[in-house]
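First comes the structure, then the notes that go with it.
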Amino acid sequence: AMLGCVLLFPVVLGEDCPSLCSCWSLGEAWGMHVDCSSRGLRSLPTLPRLTRSLHLHNNSLASIPAGALDSLGHLQELQVWDNPWHCDCHILYLKLWLQDFSAPALARLRCASPAHLRMKSLGQLTGNDLGVCTRLLPTKCLQFFWRDLILIAGVIITLILVARALKISKKLICQLTLGRRRWRRNIPKTH
């Protein structure tokens, strides 16, 4: 029975492992080690959800797509040095993600381009270095932002309409009250 488990587990890992990388189990409860180092990668492959250790160093990665690392909840080790990082708005996701994950790993990364930022640490990048970033948030965040903005606008419009309705109803009540008083005055008194 033990032999069956040992033989089946690498097959499952092989299905999840990116084709250019090598993967091995760190134990069922520990997740996987994924080694994609020195493979000439220009883009991030689809990674196994249970990745615990990820080696992406010595590739041709210029940036990491926004949200690409968010699903790796088991990740404990990430090596991304020796890549030609292009430090524009697209690098912002990796910079912010690494600030939370590992400040030393962030300090080790250097910009390869543009020329005026060459060899500058990603950890030292400022908003002025990156220029105007019109799309800093992932699409999901923007969807929530617009949804919330529409809800707030709806509440404000509703409050304005309610206030106007109250104002109009007060005018109508005043007119009705004044109209009744005038009507009562005009009724001839009969004894």
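Keep in mind the model is a prediction, meaning the values are calculated, not measured.
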Would you find a donor on one side and an acceptor on the other, under 3.5 Å apart, between the side chain of Arg39 and the backbone of Leu20? yes
Taking ILVMFWY side chains as joined if any heavy atoms are under 4.5 angstrom apart, and letting links pass through other members, which residues group with Val162? Leu166
Distance from Asp35 atom CG to Ser22 atom OG, nearest 0.5 Å? 4.5 Å
Could you report the tightest heavy-atom contact between Ala107 and Ser121, atom names first, then the distance? O-OG, 3.4 Å
Thr158 side chain to Gly154 main-chain N or O, any donor-acceptor pair under 3.5 Å? yes
Which atom pair, heavy atoms only, marks the closest approach of His90 to Ser63? O-CB, 3.9 Å
Between OG of Ser43 and CG of Leu61, what distance do you get to the nearest 0.5 Å? 7.5 Å
Could you check if a side-chain atom of His86 sits within less than 4.5 angstrom of a side-chain atom of Ile91, using non-hydrogen atoms only? no
Of all the heavy-atom pairs spanning Ala68 and Ser71, show the shortest one and how long it is. O-OG, 4.4 Å
Hydrophobic cluster membership, Leu50 vs Leu56, 4.5 Å side-chain cutoff: no
Sorted by first residue and then second, give each ring-ring contact (aromatic ring centres under 6.0 Å, His included) pair with at least one member in residues 154-173; sequence neighbours left out. none
Closest non-hydrogen atoms of Val34 and Cys21, given as atom of the first, atom of the second and distance, are CG1-CB, 4.2 Å
Interatomic spacing from CD in Gln124 to CG in Asp129 - rounded to 0.5 Å: 9.0 Å
Thr51 side chain vs Leu54 backbone, donor-acceptor pair below 3.5 Å: no
For the residue pair His74 and Met32, establish whether any side-chain heavy-atom pair is separated by less than 4.5 Å. no
Would you say Met119 ends up clustered with Leu125 if hydrophobic residues are merged whenever their side chains have heavy atoms under 4.5 Å apart, either directly or through other cluster members? no
Does the side chain to side chain contact (heavy atoms under 4.5 Å, CB included) test come out yes or no for Ile160 and Ile157, once each step is laid out? CA-CA 5 Å; Ile160 290 170; Ile157 290 170; 5.5 Å; no
Does Asn83 use its side chain to pair, donor to acceptor, with the backbone of Asn59 at less than 3.5 Å? yes
Just so I know, are the side chains of Phe101 and Leu106 near enough to count as touching, which here means a heavy-atom distance under 4.5 Å? no
Interatomic spacing from CZ in Arg52 to NE2 in His33 - rounded to 0.5 Å: 13.0 Å
Using 30° and 60° as the class limits, which term best fits the ring planes of Trp81 and His57: parallel, tilted or perpendicular? parallel
Would you list the pairs meeting disulfide (SG to SG under 2.5 Å) in which at least one residue belongs to residues 92-129, sequence neighbours left out? Cys87-Cys111
Over all atoms of both residues, closest heavy-atom pair of Leu75 and Ser53: CD1-N, 4.2 Å
Leu159 vs Val155, test: side chain to side chain contact (heavy atoms under 4.5 Å, CB included). Steps then yes/no. CA-CA 6 Å; Leu159 290 174; Val155 168; 4.1 Å; yes
Looking at Leu69 and Tyr93, what are the two nearest heavy atoms and their distance? N-OH, 3.0 Å
Taken to the nearest 0.5 Å, the spacing of Leu94 CG from Leu78 CG works out to 7.5 Å
Arg118 side chain vs Ala112 backbone, donor-acceptor pair below 3.5 Å: yes
